[in-house]
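Have a look at the structure below, then the notes.
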Amino acid sequence: MRIVFLGPPGAGKGTQAETISREKKLPHISSGNLLREAVETDTETGRKAREYIEKGLLVPDQIVVDIIKDRIVKDDCKDGFILDGFPRTVSQAKVLDEMLKQLGNKLDLVFYFSVSEESVILRLSGRRICSSCGANYHIKFVPSSKDGICDKCGGKLYQRADDKLETVSERLRVYHDQTEDLVEYYKKNGILKEIIADANIKVITKNIFDAIKCTQKNRPLIGYGVV
Ligand code: AMP
């Protein structure tokens, strides 16, 4: 299955992608993680992307598209993947459609995580990431057992610079301006499922699993939490 997770920053896409990826054995491809890795390893791409990420702006399409192109042709993606944070503009979506067409594939599902602005701010300001394995935590909703330490690998947890309040409002503005149009784009394609992402994490996971199951069995999806 080829799945896209779409929604504002802080909607819980990364957390859900980790779970679904583990259970469904589909690689979780986060454009944000790939870009941050490039910044950390100081590659040419990373040097170009850094200032955009720090300001909460979108990295130019060409840079992100090239990173995703290289990733989705890898062997582990042959049976599908979960794209988290890509595409973020209609032009990226069109390039993705074209890339998949050339590989003889297409997207099966796009989950649109709809969430209130208050939840986004609460989630992002409390989000902590493991510096070693990248696992996501939240100081209130998904705390690690030991303060500041990752349960999975013992790595140190940190707050992303762009999760600070000033940058969060810029990221939300950019989302409304440049990414929200994708909801209509995928609705027209008939593959969009809206997930009520203000709900409890486990309930959201179940709703996503149900939607995947129904799509695989070609059955209509009727249920709470998925529109
Ligand atoms: P994320 O981890 O998905 O919140 O992404 C963090 C930052 O990486 C964003 O604020 C952008 O600066 C950049 N980024 C991630 N994905 C994309 C994309 N598809 N297009 C452009 N910029 C992106």
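Indexing begins at 1, ligand by ligand and atom by atom, following the structure's order. Just so it is clear, the values below take in all heavy atoms, side chains as well, and ignore hydrogens, waters and symmetry mates. Since the structure is predicted, the reported quantities are computational estimates derived from the model, not experimental observations.
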(message) One residue to check: Arg160. Relative to ligand 1, which of side chain, backbone, both or neither has a non-hydrogen atom less than 4.0 Å away?
(response) side chain

(message) Keeping Arg88 on the side-chain end and Gly85 on the backbone end, is there a donor-acceptor pair under 3.5 Å?
(response) yes

(message) If I apply the N/O under 3.5 Å rule, does Val59 come out as touching ligand 1?
(response) yes

(request) Determine yes or no for a side-chain-to-main-chain donor-acceptor pair under 3.5 angstrom, with Ser119 supplying the side chain and Asp198 the backbone. (result) no

(request) Nearest 0.5 Å please: distance from the CG atom of Asp108 over to the CG atom of Leu100. (result) 9.5 Å

(message) Geometry only, no angles: is Pro9 polar-contacting ligand 1 at N/O separations under 3.5 Å?
(response) no

(message) Does ligand 1 come near enough to Arg36 that some N or O of the ligand is less than 3.5 Å from an N or O of the residue?
(response) yes

(request) Select one of side chain, backbone, both or neither to describe which atoms of Leu58 lie under 4.0 Å from any atom of ligand 1, heavy atoms only. (result) both

(request) Can you figure out which of Leu35, Val39, Leu57 has its heavy atom closest to atom 11 (C) of ligand 1? (result) Leu57

(message) Can you check which of Arg88, Gln92, Lys13 brings a heavy atom nearest to atom 1 (P) of ligand 1?
(response) Arg88

(message) Check this for me - ligand 1, Arg171, N or O atoms closer than 3.5 angstrom, yes or no?
(response) yes

(message) For Lys55, state whether at least one heavy atom is located under 4.0 Å from any atom of ligand 1.
(response) no

(message) Tell me if a side-chain donor or acceptor on Glu194 pairs with a main-chain N or O of Phe111 at a distance below 3.5 Å.
(response) no

(message) Strictly distance-based, threshold 3.5 Å: is any side-chain N or O of Asn200 a donor or acceptor partner for the main-chain N or O of Lys202?
(response) yes

(message) Which of the numbered atoms in ligand 1 are under 4.0 angstrom from any heavy atom belonging to Ser31?
(response) 15 (C), 16 (N), 17 (C), 19 (N)

(request) For the pair Ser91 and Asp61, evaluate side chain to side chain donor-acceptor pair (under 3.5 Å) and give the outcome as yes or no after the intermediate values. (result) CA-CA 8 Å; Ser91 65; Asp61 282 352; 2.6 Å; yes

(message) Looking at Pro8, is its backbone amide N or carbonyl O close enough to the side chain of Lys13 to form a donor-acceptor pair, meaning the two atoms are under 3.5 Å apart?
(response) yes

